[in-house]
K.L.:
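Dropping the structure in here first, questions after.
Any value given below was found using the heavy atoms of this structure, including those in side chains, with hydrogens, waters and symmetry copies removed. Keep in mind it's a predicted model, so treat the numbers as computed, not measured.
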Amino acid sequence: MLWGHSLRTVSGKAIVLCRIFNRARSVRHSSSCCGVSGKKWVRPIGFDTGVEAFNSLTKQKEPLILAREGVATWYSCGPTVYDHAHLGHACSYVRFDILQRVLSRLFGITVIHAMVITDIDDKIIKRSWEENVSPTVIARMYEEEFKRDMLSLKVIPPAVYLRVTENVHHIIAFIEGIIKNGHAYATKEGDVYFDIQSIGDRYGKFVKAADLQEESGTSYKRDSRDFALWKHSKPQEPFWDSPWGRGRPGWHIECSTIASCLFGSQLDIHSGGIDLAFPHHENEIAQSEAFHQCDQWAHYFFHSGHLHLKGSAEKMSKSLKNYITIKDFLQTYTANEFRMFCLLTKYRSAIDYSDRSMVAARTSLGTINTFIHDAQAYMKGQLKCSPVQEAVLWDRLAETKSSVLKSLADDFDTHTAISAVMNLVYHGNCQLQPVSSCDGAARSPAVFGAMVSYIRDVLDIFGIDLLHSKQENVQSSDENLQGIVEQLTHFRSEVRSLALAHRKDAATASLRTPLLKACDTLRNDLAPLGVTIKDRGATSTWEMTERKQSRSGHDESQDTSS
């Protein structure tokens with residue numbers, strides 16, 4: 001499985017550096033406050049990771065401080081499963097997967113990630129009516145497809161997926177707690193609304209008070225901004241029994257409840273797309289702090305930028321019908337290429353998707369792969385080069401390591417980190433200039449081995465496994481491989497036929513025997529690789545078989561020289 005890579009040397013060194021850095025910084029860290037739209041954000045007291053992260057609550061970078069040393073609690077909003085997941089979803093989930101990998105692999109943080117699956121919702125109900133099946137069938141079908149899509153994109157699954165429908169009893173109890181604390185009210189129709197006025201000016205952490213627009217609502221609301229915690233059931237809708245009658249949860253309450261069930265009254269990190277900041281995350285904060293009666297529920301909110309189709313100002317979304325499904329995308333590009341596409345921009349930035357941008361990502365990966373291939377050829381002595389400036393390359397490698405660590409500690413700046421890696425590749429390529437003869441000059445294979453190992457480690461931290469991708473490419477290119485074997489077998493047959501045609505000519509004996517021997521060697525060398533060539537008189541046939549252990553010698557009954 002691709003989950004559970006071991007921590008490599010690069011991350012071990014990073015952890016040591018960060019702990020030294022943390023001790024130096026801890027002296028000046030305190031519970032200072034930052035003004036946010038009239039609110040106060042309190043800097044947590046705890047374990048300083050050494051990372052500066054942009055916090056949407058303060059609109060600036062803050063030291064990432066965790067409540068427990070070496071552990072981050074992380075909650076993210078999962079999909080509403082009524083349709084296929086698309087590249088807009090993929091972009092957000094892959095970007096946050098990269099952040100979690102960096103925290104875990106580079107900074108030694110154990111990330112406890114939980115995600116909720118919204119499996120009951122107006123859109124799910126509508127789709128179930130259209131398809132004439134139960135909402136449960138629709139939800140389960142698209143939930144499983146979403147999970148498969150995430151695996152195909154190499155997104156590490158959360159520690160736990162939770163469904164809304166399996167936690168309705170917790171949601172009801174959570175709503176009762178909010179009502180008890182004086183921050184929600186029930187209507188005679190059986191709805192329950194959060195009371196915005198009850199929390200004063202604490203509402204509006206992600207938008208300024210002047211930007212809050214009152215929306216028209218039912219006459220039963222005390223304030224048009226109040227939002228539903230519980231919705232009474234309409235005819236033919238799924239429902240659960242509650243103290244307020246039959247109904248189902250509102251959208252926002254599910255995340256507050258489930259995150260609280262897992263992590264209690266304090267959460268380190270909450271993530272999602274920027275479109276979820278308001279009203280979804282805003283309402284989550286209001287509900288959670290009202291229930292727990294605390295001043296700060298989640299310490300950090302991370303938001304990813306939208307994915308746009310090139311030339312469009314609109315985000316990719318189902319409602320706009322401008323999306324590309326993940327399954328369709330992976331027919332043309334690979335998971336590694338999509339990750340590189342995401343890495344080439346900062347996670348908070350909007351990102352334009354186009355074939356041109358994907359080709360740029362593919363080219364970057366190709367450049368890295370070519371360098372690794374050439375470096376390995378040089379280490380094997382197959383690539384002859386002029387004397388290498390070894391000291392320069394060791395210096396470049398050290399600079400790259402420092403730059404990558406510094407960039408990723410600065411709000412997970414993958415764009416700068418990848419630029420540093422590509423710069424290292426460039427300088428390595430400059431030294432790998434082939435020459436026809438090197439006159440036995442001293443070689444420097446060790447530095448190239450170190451560069452290859454480091455580049456693989458960094459990409460592996462990001463979730464790009466070059467070794468695994470080569471195996472996938474071999475498996476996915478079965479038709480091309482068969483074509484190659486066909487041509488190779490044909491060429492061998494031509495050589496063998498020519499040699500056999502002149503077997504009685506004494507003048508060509510010195511050439512005939514080596515050619516037939518080479519044909520035998522090729523046949524025997526291909527057998528362990530799963531290619532069986534059988535000589536049938538003047539012609540030969542081949543087939544693909546399971547790989548088997550190499551045998552010494554060769555099958556006498558198939559000896560082409562006889």
Side-chain angles (χ1 to χ4, degrees), residues 1-3 5 148 151-152 154 327 330-337 362 365-366 368-383 449 452 456 459-460 464-562:
M1 294 292 290
L2 53 94
W3 325 123
H5 297 295
R148 289 195 299 270
L151 287 173
S152 69
K154 302 181 182 180
K327 184 177 180 180
L330 290 175
Q331 298 297 313
T332 306
Y333 300 104
T334 68
N336 279 346
E337 288 166 349
R362 175 176 287 175
L365 278 177
I368 293 171
N369 272 314
T370 299
F371 166 72
I372 290 176
H373 179 270
D374 291 347
Q376 289 175 330
Y378 175 79
M379 287 186 280
K380 293 175 182 178
Q382 298 169 343
L383 180 61
V452 168
R456 281 178 173 167
L459 293 182
D460 192 52
I464 296 177
D465 185 349
L466 297 179
L467 296 176
H468 189 258
S469 68
K470 287 183 179 180
Q471 295 173 0
E472 287 180 337
N473 289 338
V474 169
Q475 294 169 359
S476 64
S477 59
D478 184 58
E479 292 183 2
N480 291 335
L481 178 60
Q482 292 186 24
I484 293 170
V485 173
E486 177 71 34
Q487 293 300 318
L488 183 61
T489 304
H490 177 72
F491 176 76
R492 177 182 175 277
S493 294
E494 290 288 314
V495 172
R496 178 173 170 274
S497 296
L498 184 63
L500 291 175
H502 296 81
R503 65 193 313 172
K504 296 181 180 180
D505 186 351
T508 60
S510 61
L511 293 176
R512 184 179 65 250
T513 300
L515 287 175
L516 291 173
K517 185 176 181 181
C519 288
D520 287 343
T521 300
L522 176 61
R523 181 196 61 218
N524 295 326
D525 288 347
L526 288 177
L529 303 177
V531 178
T532 299
I533 297 177
K534 295 183 179 181
D535 296 320
R536 305 179 186 278
T539 61
S540 301
T541 60
W542 65 272
E543 63 179 334
M544 303 289 287
T545 60
E546 292 184 4
R547 293 188 178 189
K548 51 190 175 183
Q549 295 297 320
S550 178
R551 301 176 299 170
S552 60
H554 53 268
D555 188 348
E556 295 296 332
S557 65
Q558 293 295 321
D559 193 339
T560 61
S561 62
S562 60

K.L.:
For F491, give me all partners under side-chain contact (heavy atoms from CB on, under 4.5 Å), at least two apart in sequence or on another chain.
P.N.:
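side-chain contact (heavy atoms from CB on, under 4.5 Å) list for F491, sorted by chain: V495.
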K.L.:
In Å, rounded to the nearest 0.5 Å, how long is the span from CD of Q331 to NZ of K327?
P.N.:
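Reported to 0.5 Å precision, the distance equals 7.5 Å.
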K.L.:
Would you give the length of the straight line joining atom CG of L526 to atom CD1 of I533, rounded to the nearest 0.5 angstrom?
P.N.:
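Answer for the CG-CD1 pair, L526 versus I533, is 5.0 Å.
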K.L.:
Would you call D535-R523 a salt bridge at under 4.0 Å N-O?
P.N.:
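Salt bridge present between D535 and R523.
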K.L.:
Would you give the length of the straight line joining atom CG of D520 to atom CZ of R492, rounded to the nearest 0.5 angstrom?
P.N.:
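If I round to the nearest 0.5 Å, the distance is 6.5 Å.
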K.L.:
With side chain to side chain contact (heavy atoms under 4.5 Å, CB included) as the criterion, how do V531 and L488 come out once you've worked through the C-alpha distance, each side chain's angles and the decisive distance to 0.1 Å?
P.N.:
CA-CA 11 Å; V531 178; L488 183 61; over 6 Å; no
K.L.:
E543: what forms a side-chain contact (heavy atoms from CB on, under 4.5 Å) with it, not counting sequence neighbours?
P.N.:
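side-chain contact (heavy atoms from CB on, under 4.5 Å) check on E543 returns T532, K534, T545.
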K.L.:
Between T332 and R362, what is the shortest heavy-atom contact and its length?
P.N.:
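What the structure gives for the nearest pair is O-NH2, 3.0 Å.
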K.L.:
Could you state the interatomic distance from CG (N336) to CG (L459), rounded to the nearest 0.5 Å?
P.N.:
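Between N336 CG and L459 CG, I get 8.5 Å after rounding to 0.5 Å.
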K.L.:
Test of understanding: with side-chain contact (heavy atoms from CB on, under 4.5 Å), list the residues that count as partners of T521, not counting sequence neighbours.
P.N.:
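Per chain and number, T521 pairs via side-chain contact (heavy atoms from CB on, under 4.5 Å) with K517, D525.
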K.L.:
Taking side-chain contact (heavy atoms from CB on, under 4.5 Å) as the test, write out the residues that go with L330, two or more places apart.
P.N.:
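Checked L330 against side-chain contact (heavy atoms from CB on, under 4.5 Å); matches are S152, L153, I326.
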K.L.:
Considering residues at least two apart in sequence or located in another chain, which fulfil the side-chain hydrogen bond (donor to acceptor under 3.5 Å, both in side chains) criterion with R512?
P.N.:
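R512 satisfies side-chain hydrogen bond (donor to acceptor under 3.5 Å, both in side chains) with no other residue.
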K.L.:
Once rounded to the nearest 0.5 Å, what's the spacing between atom CD1 of I464 and atom OG1 of T334?
P.N.:
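Those atoms lie 8.5 Å apart.
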K.L.:
Hey, what do you get for CG (D374) to CE (M379), rounding to the nearest 0.5 Å?
P.N.:
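Reported value, rounded in 0.5 Å steps: 10.5 Å.
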